[in-house]
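Bear in mind the structure is a predicted one, so any value in this text is a computation, not a measurement.
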Amino acid sequence: MAEAEEPVDGEEDAPKKKSKKGLIIGLVLALALGGGGFFAVYSGMLLAPASEDGHGPESEASEIVLDLPPVAYVDLDPLVISLGRTASNKHLRFRASLEVEPNNLKDVEGLKPRVLDVLNSYLRAVEIRNLEDPGALIMLRAQMLRRIQLVTGEGRVRDLLILEFVLN
């Protein structure tokens, strides 16, 4: 039988270190490919929406800006509404404009007295705590717009723009 080699002085059985070269190369390649992929998608080279002609990404110079639809405004006279004796605030100052189609401008202007009457009646009927609640303005605006649309007829008034709503 062969004799087993005995370790020479100074040499011990130490496990060999595994090389980290493969791990480092893999990490560098992953970062480079990830960065390259991000750049390709971000710049529009990959996964960009097709243009109208179906060829590649749209250029910024070819963006089309649509015109705004025609609009007209009817300014309503300011309203001052007394809130009663139980309110800490005594008056409500209210001013608004109506957004209308330009071809309906004269019709809505002719109905301004009826619109003001509806708004005045509604705001007097609203409970004081609803007027004082800051979040209630959205609900109040929707209610007033609906009443205005009933008075003026469907489709004539697009929106109610509240310009002033002050309790004092």
Side-chain angles (χ1 to χ4, degrees), residues 1-76 78 88-89 92-105 108 115 119 122-123 126-150 152-168:
M1 282 206 315
E3 292 182 20
E5 279 186 38
E6 292 183 21
V8 182
D9 289 338
E11 288 184 26
E12 296 181 7
D13 284 334
K16 287 188 174 182
K17 278 186 157 181
K18 291 185 177 182
S19 175
K20 293 186 180 180
K21 185 193 277 186
L23 179 65
I24 293 173
I25 290 173
L27 184 62
V28 169
L29 283 174
L31 287 173
L33 290 174
F38 171 77
F39 176 75
V41 171
Y42 185 74
S43 66
M45 287 190 270
L46 292 176
L47 302 176
S51 63
E52 292 177 10
D53 60 359
H55 293 73
E58 295 182 47
S59 66
E60 291 181 23
S62 68
E63 287 186 24
I64 298 172
V65 177
L66 300 176
D67 293 333
L68 294 174
V71 67
Y73 296 97
V74 175
D75 289 329
L76 299 176
S88 60
N89 299 310
L92 167 66
R93 285 190 336 208
F94 178 80
R95 190 169 59 96
S97 287
L98 302 176
E99 183 178 317
V100 299
E101 295 282 338
N103 55 352
N104 295 327
L105 184 64
V108 175
V115 169
L119 290 176
Y122 174 72
L123 289 172
V126 173
E127 292 186 25
I128 295 167
R129 63 182 163 87
N130 288 342
L131 293 175
E132 292 174 344
D133 181 18
L137 188 59
I138 296 169
M139 186 269 309
L140 291 171
R141 181 174 174 252
Q143 290 289 328
M144 289 186 282
L145 178 61
R146 180 66 188 137
R147 284 167 169 73
I148 291 168
Q149 288 174 337
L150 287 173
T152 59
E154 287 294 322
R156 287 197 171 105
V157 177
R158 283 189 199 163
D159 204 0
L160 171 68
L161 307 170
I162 297 176
L163 305 175
E164 184 177 12
F165 193 90
V166 179
L167 294 168
N168 61 4

Does the side chain of Tyr73 come within less than 4.5 Å of Glu99's, by heavy atoms?
yes
Would you say that Leu92 contacts Val166 through its side chain, given a criterion of any heavy-atom pair below 4.5 Å between the two side chains?
no
Ile138 atom CD1, over 12 foreign heavy atoms within 6.0 Å:
no
Taking the side chain as everything from C-beta on, heavy atoms only, tell me whether Leu98 gets closer than 4.5 Å to Arg156.
no
Asn104 versus Gly155, closest heavy-atom pair with distance:
ND2-O, 3.7 Å
For Asn130 and Ala136, work out which heavy atoms get closest and say how close.
O-CB, 3.1 Å
So how far is it from Tyr122 OH to Ile148 CD1, rounded to the nearest 0.5 Å?
11.0 Å
Sub-4.5 Å side-chain heavy-atom contact between Gln143 and Val126:
no
Side chain to side chain, Arg141 and Asp159, heavy atoms closer than 4.5 Å
yes
Minimum heavy-atom distance between Arg95 and Leu76, given as atom pair plus value
CG-O, 4.3 Å
Kindly give the heavy-atom pair with the smallest separation between Ala72 and Pro102, and that separation in Å.
CB-CA, 4.1 Å
Hey, does Leu145 have a side-chain heavy atom less than 4.5 Å from the side chain of Gln149?
yes
